[in-house]
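All of these numbers come straight from a predicted model, not from anything done at the bench. Only heavy atoms go into these numbers, but all of them, side chains included; no hydrogens, no water, no symmetry mates.
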Amino acid sequence: MLSSLLLHEAASLLRLSRLRVRMSSAPPLIEVERKFEASLLAEDLEAAVVRLGGSLEGSVRFTDVYFDTEDCLLTRDDVWLRRRDEQWELKVPVEEEAHRSGGERTVFHETTRAKLRLGICAIDVDVASFGLSVVEIEVMCAHAAEVAAAEAEIERVAAAIGVAPLAKGRGGKLETYIRRFCPAVEAQLVEAGVLQPSDGGE
């Protein structure tokens, strides 16, 4: 039976590139995303994007709740059932792509997100209530043939705005949360090969 568990104080995945099918009320799309270090102040990042012809699209605050069974039936297969505020989403792997390095079972958390856009890239600057900031650059593709170009564009935009990929051993919001607060779930996902064993740095 699916259950939800309120964990930690309210306020918000992936190491490098991840391909996901995002299934919601809209037609399925392929999500191509990379996460980067939040090494710049938010206002400096915004200024860089605007200087390159991009735009600031505002900021949002949202709550994510991830659902699974007690034995992680979904996440052990790299499948992620999420409710973001009132929107339900199911993320599943694309073909033989590697497992994502994030994800959490029955977790509640809140993120404050500054939303930017530069060309086809959505750039999100996330600040999680448990003390993590991360930059996400994402392109949504309608067809698998568009993925390679999307990955190249993400790399180009990241270099242009001056952000670097997450340091080795660092994960995004969900991976960080799970390693800090949910050791039993971490153990199951490491066993399943969804997460890499911790190097002890988190």
So do Tyr177 and Leu132 actually touch side chain to side chain, heavy atoms under 4.5 Å?
no
Partners meeting side-chain contact (heavy atoms from CB on, under 4.5 Å) with Ala159 (sequence neighbours left out):
none
Measure the shortest side-chain to side-chain distance between Leu74 and Thr69 over non-hydrogen atoms and say whether it is less than 4.5 angstrom.
no
Looking at Leu116, Thr112, Val134, which one forms a side-chain contact (heavy atoms from CB on, under 4.5 Å) with Val125?
Leu116
Does some side-chain heavy atom of Ile178 sit less than 4.5 Å from a side-chain heavy atom of Leu189?
yes
Can any side-chain N or O of Arg156 pair as donor or acceptor with the backbone N or O of Glu151 at less than 3.5 Å?
no
How long is the straight-line distance from CG of Leu90 back to CZ of Arg83, given to the nearest 0.5 Å?
15.0 Å
Does a salt bridge link Glu136 with Arg113, judged by any charged N lying under 4.0 Å from a carboxylate O?
yes
Answer yes or no: is there a side-chain heavy-atom contact under 4.5 Å between Leu81 and Asp68?
no
Of Thr75, Leu174, Val185, the residue whose pairing with Tyr66 passes side-chain contact (heavy atoms from CB on, under 4.5 Å):
Leu174
Hits for side-chain contact (heavy atoms from CB on, under 4.5 Å) against Arg117, two or more places apart or cross-chain, chain-then-number order -> Ser55, Glu57, Ala122
Those residues that, when tested against Glu46, pass salt bridge (Lys or Arg N to Asp or Glu O under 4.0 Å) (two or more places apart):
none
Any residue meeting side-chain contact (heavy atoms from CB on, under 4.5 Å) with Ser133, in chain and number order, not counting sequence neighbours
Ala38, Val127
Close side-chain approach of Arg82 and Trp88, heavy atoms under 4.5 Å:
no
When rounded to the nearest 0.5 angstrom, what distance separates CG in Asp71 from CZ in Arg76?
7.5 Å
Those residues that, when tested against Glu146, pass side-chain contact (heavy atoms from CB on, under 4.5 Å) (two or more places apart)
Cys141, Ala142, His143
Assess whether side chain to side chain contact (heavy atoms under 4.5 Å, CB included) is satisfied between Phe67 and Trp80, documenting all intermediate values.
CA-CA 8 Å; Phe67 294 84; Trp80 310 90; over 6 Å; no
Quick one: CD on Glu31 to CE on Met140, what's the gap to the nearest 0.5 Å?
5.5 Å
Minimum heavy-atom separation for Ile123 to Val49, with atom names?
CD1-CG2, 3.9 Å
Check Asp126 with Lys173, please: is the shortest side-chain N to carboxylate O separation under 4.0 Å?
yes
Any carboxylate oxygen within less than 4.0 angstrom of a Lys/Arg side-chain nitrogen, looking at Glu89 and Lys91?
no
State, yes or no, whether a side-chain contact exists between Glu43 and Leu41 at a heavy-atom distance under 4.5 Å.
yes
To the nearest 0.5 Å, how far apart are CG in Asp124 and NZ in Lys35?
8.5 Å
Between Val60 and Lys115, is any pair of side-chain heavy atoms under 4.5 Å apart?
yes
Is there a donor-acceptor pair under 3.5 Å between the side chain of Asp85 and the backbone N or O of Phe62?
no
In this structure, CG of Leu166 is separated from CZ of Arg34 (nearest 0.5 Å) by 11.0 Å
In Å and rounded to the nearest 0.5 Å, what is the SG to CD distance from Cys182 to Gln188?
11.5 Å
